Amino acid sequence: MEALRDGITLRDIGIDVIAGQSPFSFKSKDGLLSKGNSSIGSGLPVWINGCSPYLTLPRSTCNNIAANLPMNFDEDLGLYLWDKKSDKYNEITTSATTLSFSFISGSNTDPVKIRIPLMHLNLTLEAPLIDIPIPYFPCHANDNGQYVLGRAFLQDVFITYGLSVGVFV
(Lines give C-alpha, C1' and ligand atoms only; values in the text may rest on other atoms or scores of the structure.)
Protein backbone atom coordinates (compact mmCIF):
# COMPACT_ATOMS: atom_id res chain seq x y z
CA MET A 1 0.00 0.00 0.00
CA GLU A 2 2.98 2.33 0.36
CA ALA A 3 3.12 2.84 -3.42
CA LEU A 4 -0.51 3.99 -3.50
CA ARG A 5 0.04 6.53 -0.74
CA ASP A 6 3.12 7.90 -2.51
CA GLY A 7 1.54 7.91 -5.97
CA ILE A 8 3.24 6.47 -9.01
CA THR A 9 6.32 7.83 -10.72
CA LEU A 10 5.81 9.61 -14.01
CA ARG A 11 9.12 9.44 -15.85
CA ASP A 12 8.32 11.55 -18.91
CA ILE A 13 5.67 13.03 -21.19
CA GLY A 14 6.02 13.17 -24.95
CA ILE A 15 4.17 13.70 -28.18
CA ASP A 16 4.02 10.73 -30.55
CA VAL A 17 2.54 10.48 -34.03
CA ILE A 18 1.52 6.83 -34.21
CA ALA A 19 0.24 6.66 -37.80
CA GLY A 20 0.03 8.75 -40.94
CA GLN A 21 1.62 12.07 -41.79
CA SER A 22 3.01 14.04 -38.86
CA PRO A 23 1.50 17.49 -38.37
CA PHE A 24 4.82 18.46 -36.70
CA SER A 25 8.44 18.65 -37.80
CA PHE A 26 8.95 15.45 -35.77
CA LYS A 27 7.30 12.01 -35.35
CA SER A 28 8.15 11.77 -31.67
CA LYS A 29 9.27 14.26 -29.06
CA ASP A 30 10.15 13.31 -25.48
CA GLY A 31 11.44 15.29 -22.51
CA LEU A 32 8.35 17.46 -21.99
CA LEU A 33 7.95 16.54 -18.31
CA SER A 34 11.17 18.03 -17.00
CA LYS A 35 12.53 20.35 -19.72
CA GLY A 36 13.49 23.61 -18.02
CA ASN A 37 12.73 22.30 -14.53
CA SER A 38 15.71 20.64 -12.84
CA SER A 39 13.71 20.03 -9.66
CA ILE A 40 11.79 17.19 -11.36
CA GLY A 41 14.89 15.03 -11.78
CA SER A 42 14.29 11.48 -13.01
CA GLY A 43 10.57 11.39 -12.27
CA LEU A 44 7.56 13.02 -10.68
CA PRO A 45 5.19 11.39 -8.18
CA VAL A 46 1.61 11.68 -9.48
CA TRP A 47 -1.73 10.40 -8.25
CA ILE A 48 -4.52 9.01 -10.39
CA ASN A 49 -7.84 10.55 -9.34
CA GLY A 50 -11.01 10.38 -11.43
CA CYS A 51 -12.60 13.13 -9.34
CA SER A 52 -10.17 15.67 -10.78
CA PRO A 53 -11.06 16.77 -14.32
CA TYR A 54 -7.52 17.80 -15.29
CA LEU A 55 -3.96 16.75 -15.85
CA THR A 56 -2.57 18.70 -12.91
CA LEU A 57 1.15 19.08 -13.61
CA PRO A 58 3.98 21.55 -13.01
CA ARG A 59 3.58 24.81 -14.92
CA SER A 60 6.84 24.11 -16.78
CA THR A 61 5.43 20.78 -18.01
CA CYS A 62 2.14 22.29 -19.20
CA ASN A 63 4.10 25.06 -20.92
CA ASN A 64 6.40 22.50 -22.60
CA ILE A 65 3.39 20.63 -23.99
CA ALA A 66 1.63 23.83 -25.05
CA ALA A 67 4.75 25.10 -26.85
CA ASN A 68 4.25 22.29 -29.37
CA LEU A 69 0.52 22.78 -29.87
CA PRO A 70 -1.67 25.62 -31.17
CA MET A 71 -2.86 26.93 -27.81
CA ASN A 72 -2.45 29.78 -25.37
CA PHE A 73 -2.70 30.02 -21.62
CA ASP A 74 -5.68 32.01 -20.34
CA GLU A 75 -4.75 33.62 -17.01
CA ASP A 76 -8.37 34.27 -15.98
CA LEU A 77 -9.46 30.65 -16.49
CA GLY A 78 -6.14 29.10 -15.53
CA LEU A 79 -6.41 26.82 -18.56
CA TYR A 80 -4.79 26.33 -21.96
CA LEU A 81 -7.20 27.22 -24.78
CA TRP A 82 -6.85 25.67 -28.21
CA ASP A 83 -6.38 28.20 -31.01
CA LYS A 84 -9.09 27.13 -33.48
CA LYS A 85 -7.89 29.76 -35.97
CA SER A 86 -4.50 28.07 -36.31
CA ASP A 87 -3.96 26.03 -39.46
CA LYS A 88 -2.48 23.31 -37.25
CA TYR A 89 -5.52 23.00 -34.93
CA ASN A 90 -7.60 20.68 -37.15
CA GLU A 91 -4.54 18.92 -38.47
CA ILE A 92 -3.35 18.01 -34.97
CA THR A 93 -6.70 17.29 -33.32
CA THR A 94 -7.80 14.95 -36.12
CA SER A 95 -4.48 13.14 -36.58
CA ALA A 96 -3.18 9.99 -34.92
CA THR A 97 -1.13 12.11 -32.52
CA THR A 98 -0.91 11.20 -28.86
CA LEU A 99 0.33 12.63 -25.62
CA SER A 100 2.42 9.83 -24.15
CA PHE A 101 2.95 9.26 -20.45
CA SER A 102 5.90 7.09 -19.42
CA PHE A 103 5.81 5.56 -15.95
CA ILE A 104 8.53 3.71 -14.10
CA SER A 105 7.56 0.06 -14.03
CA GLY A 106 7.86 -2.32 -11.09
CA SER A 107 11.19 -3.56 -12.44
CA ASN A 108 12.40 0.06 -12.72
CA THR A 109 14.07 -0.73 -16.05
CA ASP A 110 11.38 -0.64 -18.71
CA PRO A 111 8.99 2.29 -18.61
CA VAL A 112 5.31 1.66 -19.17
CA LYS A 113 3.99 4.04 -21.84
CA ILE A 114 0.35 5.08 -22.05
CA ARG A 115 -0.75 7.14 -25.03
CA ILE A 116 -3.79 9.44 -24.99
CA PRO A 117 -4.95 10.73 -28.40
CA LEU A 118 -4.78 14.53 -28.59
CA MET A 119 -8.28 14.51 -30.11
CA HIS A 120 -9.46 13.22 -26.71
CA LEU A 121 -7.72 16.12 -24.99
CA ASN A 122 -9.63 18.65 -27.08
CA LEU A 123 -12.39 19.36 -24.57
CA THR A 124 -15.04 22.08 -24.56
CA LEU A 125 -15.44 24.64 -21.80
CA GLU A 126 -19.06 25.76 -21.48
CA ALA A 127 -21.41 27.82 -19.32
CA PRO A 128 -21.45 28.71 -16.49
CA LEU A 129 -17.66 29.09 -16.65
CA ILE A 130 -17.70 30.90 -19.98
CA ASP A 131 -20.38 32.53 -22.18
CA ILE A 132 -19.32 31.07 -25.54
CA PRO A 133 -18.13 27.43 -25.71
CA ILE A 134 -14.40 27.22 -26.37
CA PRO A 135 -12.05 24.24 -26.80
CA TYR A 136 -9.47 23.76 -24.08
CA PHE A 137 -6.61 21.43 -23.25
CA PRO A 138 -7.03 19.99 -19.74
CA CYS A 139 -3.54 20.72 -18.40
CA HIS A 140 -3.88 22.59 -15.13
CA ALA A 141 -0.62 24.21 -14.06
CA ASN A 142 0.13 23.73 -10.40
CA ASP A 143 3.40 24.22 -8.57
CA ASN A 144 2.36 23.15 -5.07
CA GLY A 145 3.81 19.64 -5.36
CA GLN A 146 0.45 17.83 -5.68
CA TYR A 147 0.22 16.38 -9.19
CA VAL A 148 -2.79 14.43 -10.46
CA LEU A 149 -3.76 12.64 -13.63
CA GLY A 150 -7.54 13.01 -13.54
CA ARG A 151 -10.54 12.13 -15.72
CA ALA A 152 -8.94 13.44 -18.91
CA PHE A 153 -6.32 10.69 -18.48
CA LEU A 154 -8.31 8.00 -16.72
CA GLN A 155 -11.23 7.79 -19.18
CA ASP A 156 -8.92 7.00 -22.07
CA VAL A 157 -6.91 4.49 -20.09
CA PHE A 158 -10.11 2.71 -19.09
CA ILE A 159 -11.41 2.59 -22.68
CA THR A 160 -8.04 1.38 -23.98
CA TYR A 161 -7.91 -1.35 -21.35
CA GLY A 162 -11.48 -2.38 -22.19
CA LEU A 163 -10.59 -2.66 -25.89
CA SER A 164 -7.48 -4.70 -25.13
CA VAL A 165 -9.30 -7.31 -23.03
CA GLY A 166 -12.63 -7.19 -24.88
CA VAL A 167 -14.60 -6.12 -21.81
CA PHE A 168 -16.84 -3.07 -21.89
CA VAL A 169 -18.65 -1.75 -18.87
Side-chain angles (χ1 to χ4, degrees), residues 1-16 24-26 28-84 86 88-89 92-93 97-106 108 111-131 133-158 160:
M1 287 304 208
E2 188 69 28
L4 292 177
R5 188 178 11 197
D6 294 337
I8 58 176
T9 302
L10 180 60
R11 177 184 274 175
D12 196 13
I13 295 176
I15 295 174
D16 295 325
F24 305 99
S25 61
F26 56 85
S28 182
K29 185 171 199 170
D30 294 322
L32 301 179
L33 175 66
S34 60
K35 181 181 174 188
N37 188 340
S38 60
S39 67
I40 292 175
S42 62
L44 183 73
V46 296
W47 287 263
I48 309 293
N49 183 345
C51 292
S52 171
Y54 305 115
L55 308 170
T56 303
L57 296 165
R59 181 172 305 277
S60 60
T61 301
C62 290
N63 287 342
N64 289 338
I65 296 166
N68 292 280
L69 303 171
M71 62 181 59
N72 299 296
F73 184 71
D74 184 292
E75 287 286 340
D76 294 334
L77 295 170
L79 293 171
Y80 293 81
L81 305 181
W82 286 98
D83 178 4
K84 287 178 62 174
S86 168
K88 290 289 186 182
Y89 171 74
I92 290 170
T93 58
T97 302
T98 65
L99 195 62
S100 62
F101 297 81
S102 299
F103 299 92
I104 294 176
S105 68
N108 233 3
V112 174
K113 189 177 264 194
I114 296 174
R115 292 181 174 97
I116 307 295
L118 281 177
M119 67 178 63
H120 296 176
L121 298 172
N122 180 20
L123 305 177
T124 303
L125 193 59
E126 298 176 327
L129 298 176
I130 197 162
D131 293 331
I134 188 164
Y136 76 99
F137 180 76
C139 200
H140 181 259
N142 184 345
D143 288 321
N144 71 2
Q146 300 294 312
Y147 305 112
V148 177
L149 300 178
R151 272 192 310 276
F153 173 84
L154 197 55
Q155 286 175 206
D156 239 81
V157 171
F158 181 75
T160 302

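All residue numbers in this chain count up from 1 along the given sequence. Note that the structure is a prediction, hence the values are computed from the model and not measured.
- At most 12 non-hydrogen atoms from other residues, nucleotides or ligands lie less than 6.0 angstrom from CG of D131.
- Residues L10 and L57 meet the side-chain proximity criterion, which asks for heavy atoms closer than 4.5 Å.
- Each of N63, N72, D74 was evaluated against Y80; a single residue qualifies, N63, per the side-chain hydrogen bond (donor to acceptor under 3.5 Å, both in side chains) test.
- Between L121 and P138, the shortest heavy-atom distance links the atoms O-CD, 3.3 Å.
- How far CD1 of I134 is from NZ of K84: 8.5 Å, rounded to the nearest 0.5 Å.
- Formation of a donor-acceptor pair under 3.5 Å by the D12 side chain with backbone atoms of G31 is found in this model.
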ask   = Can you list the steps and then say if L55 with L99 is a side-chain contact (heavy atoms from CB on, under 4.5 Å)?
value = CA-CA 11 Å; L55 308 170; L99 195 62; 4.3 Å; yes

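- Remark: D143 CG to T56 OG1 distance equals 11.5 Å, nearest 0.5 Å.
- Put simply, CG on L77 and NE2 on H140 are 10.5 Å apart, with the number rounded to the nearest 0.5 Å.
- Checking side-chain atoms of R59 against main-chain N and O of N142 turns up no donor-acceptor pair under 3.5 Å.
- Using a 30° and 60° split on the angle between ring planes, W82 and F137 fall in the perpendicular class, above 60°.
- Using a 4.5 Å heavy-atom threshold, the side chains of F73 and C62 count as separate.
- With rounding to the nearest 0.5 angstrom, the CE atom of M71 is 8.0 Å from the CG atom of N122.
- Two residues are said to be in side-chain contact when any heavy atoms from C-beta on lie closer than 4.5 Å; F24 and L69 meet this criterion.
- Judged by distance alone, the side chain of N68 and the main-chain N or O of N64 form a donor-acceptor pair under 3.5 Å.
- Note that the CD1 atom of I48 and the CZ atom of F103 stand 5.0 Å from one another [nearest 0.5 Å].
- Nearest heavy-atom pair across D30 and D16 is OD1-OD1, 4.4 Å.
- The side-chain heavy atoms of T61 and L32, taken from C-beta on, include no pair separated by under 4.5 Å.
- The environment of K88 atom NZ is dense: over 12 non-hydrogen atoms of other residues, nucleotides or ligands sit within 6.0 angstrom.
- Between I116 and A152, the shortest heavy-atom distance links the atoms CG2-O, 4.3 Å.
- L149 has its side chain out of reach of I8: every pair of non-hydrogen atoms, C-beta onward, lies at least 4.5 Å apart.
- Atom CG of L44 and atom CD1 of I104 lie 10.5 Å apart (nearest 0.5 Å).
- Of the possible polar contacts, none joining the T98 side chain to the S100 backbone as a donor-acceptor pair under 3.5 Å is found.
- Pairing each heavy atom of P117 with each of D156, the nearest pair is CD-OD2, 3.1 Å.
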